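Written out below as structure tokens is the structure these notes cover.
None of the values given here were measured: they were computed from a predicted structure. Each ligand, and each atom within it, is numbered from 1 in the order the structure gives.
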Amino acid sequence: MRAILIRHGESDINIAGLLSHDIDNNKLTERGIKQVERTAEQLIGLKIDRIVSSPVKRAAQTADIIGKIINVNVVYDDRLKEIDLGSANNHHVSEYRDELYPNAHIHGDLRNDLGFEPWDHLIKRMIDSLLSYDGNNIFVSHSDPIRAAASYYLNIDEPCSFGIDIKNASMTVIDIDNKKLLCLGAIYLDDGIKKMFS
Ligand SMILES: O=C(O)[C@H](O)COP(=O)(O)O
């Protein structure tokens, strides 16, 4: 079993600097659509059993584009949805950024103060999803959930994963059977990884 975790393409709320775990209130930008198309074109011909997607619109749109380009069916799984942002939902990221690191993840005690979904809970639902599907699958999700899954396979805690920046439409590849992170946030997938899906 292998998994390709793909963050959705750039969305209007990413551009606006807004945080949202809502299901329907956002969409991919034109650049986001092109990002996803570039990612999907690299996956043509790989043996993929299914695409499993967060139900959040920006992710669902991403999965739909990929599914059409590589001709693979899409199923939805709530366990892949965006982290529950607590009281930060639909607020601007600038309200919470560390003044010394303006473009960084919300971190530390502030996550708890805002009522974010606990990191361990996020990891559990992501790993439960990854382990639920046989074969080789694409999982379309979001920044923090993919960082959480990567931190699990790297065996590091949330503060130590602070430096992981999962770009829009990037690919994070995991060998589920051997519990090994093969690739982290790639926008171009190397041939060695592609061969694992032949
Ligand atoms: O940190 C952020 O800006 C958001 O949590 C990103 O969420 P997204 O991956 O759904 O855009």
Side-chain angles (χ1 to χ4, degrees), residues 3-36 38-40 51-66 74 76-123 125-126 129-130 138-152 158-172 184-187:
I4 303 176
L5 281 64
I6 299 177
R7 183 184 173 200
H8 59 79
E10 179 192 84
S11 71
D12 51 5
I13 57 169
N14 294 147
I15 292 290
L18 289 172
L19 298 167
S20 183
H21 59 229
D22 294 348
I23 299 294
D24 287 324
N25 71 347
N26 56 75
K27 61 185 184 307
L28 295 181
T29 63
E30 282 308 308
R31 180 166 56 192
I33 291 168
K34 289 186 171 63
Q35 289 169 339
V36 175
R38 178 196 281 183
T39 294
I51 299 168
V52 190
S53 179
S54 155
V56 176
K57 187 174 180 179
R58 54 192 182 272
Q61 281 184 285
T62 297
D64 183 55
I65 293 167
I66 297 171
V74 177
Y76 298 97
D77 188 331
D78 276 357
R79 292 172 293 186
L80 298 173
K81 65 186 180 186
E82 169 64 310
I83 190 170
D84 184 324
L85 295 156
S87 60
N89 189 41
N90 295 320
H91 283 252
H92 200 280
V93 290
S94 61
E95 295 179 50
Y96 312 109
R97 288 303 190 207
D98 182 318
E99 60 179 320
L100 299 184
Y101 295 94
N103 298 318
H105 301 299
I106 294 172
H107 60 88
D109 292 341
L110 181 55
R111 296 175 74 88
N112 302 328
D113 297 347
L114 292 169
F116 267 47
E117 177 180 359
W119 191 252
D120 290 350
H121 180 267
L122 180 60
I123 287 176
R125 68 173 164 91
M126 284 298 288
S129 179
L130 297 183
I138 288 170
F139 294 85
V140 180
S141 187
H142 305 261
S143 174
D144 270 358
I146 294 172
R147 179 163 66 98
S151 71
Y152 171 81
E158 194 274 326
C160 288
S161 75
F162 184 79
I164 298 175
D165 175 19
I166 302 293
K167 299 278 191 255
N168 291 118
S170 65
M171 296 166 277
T172 293
L184 179 58
I187 59 172

Determine all donor-acceptor pairs shorter than 3.5 Å in which one atom belongs to a side chain in residues 107-114; sequence neighbours excluded.
unit_1 : atom_1 : unit_2 : atom_2 : d
H107   : NE2    : D98    : OD2    : 3.2
R111   : NH1    : I106   : O      : 2.9
R111   : NH2    : D144   : OD2    : 3.4

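The shortest non-hydrogen separation linking S54 to L80 is CB-O, 3.3 Å. Taking both residues in full, the closest heavy atoms of A104 and F162 are given as CB-CZ, 3.3 Å, listed atom of the first, atom of the second, then distance.
A heavy-atom separation below 4.0 Å is found between N14 and ligand 1. Contact annotation: H105 has no heavy atom less than 4.0 Å from any atom of ligand 1.
Only side-chain heavy atoms of E82 come within less than 4.0 Å of ligand 1; its backbone N, CA, C and O stay farther off.
Side-chain N or O atoms of T62 include one that pairs as donor or acceptor with a backbone N or O of G9 at under 3.5 Å.
Listed by number with element, the atoms of ligand 1 under 4.0 angstrom from any heavy atom of H142 are 9 (O), 10 (O). Listed by atom number, the atoms of ligand 1 under 4.0 Å from S143 heavy atoms are 6 (C), 9 (O).
Annotation: side chain of N89 is not in contact with side chain of L19 (no heavy-atom distance under 4.5 Å). With contacts defined as side-chain heavy-atom distances shorter than 4.5 Å, the pair E82/R58 qualifies.
The nearest protein atom to atom 2 (C) of ligand 1, hydrogens excluded, is given as L19 CD2, 3.6 Å; this is a heavy-atom distance. Closest protein heavy atom to atom 8 (P) of ligand 1: H8 NE2, 3.0 Å.
Note: an N/O pair closer than 3.5 Å links R7 and ligand 1 by distance alone. Between D144 and ligand 1, no pair of N/O atoms sits closer than 3.5 Å.
Applying the salt bridge (Lys or Arg N to Asp or Glu O under 4.0 Å) test to R38 and every residue at least two apart in sequence or in another chain returns nothing.
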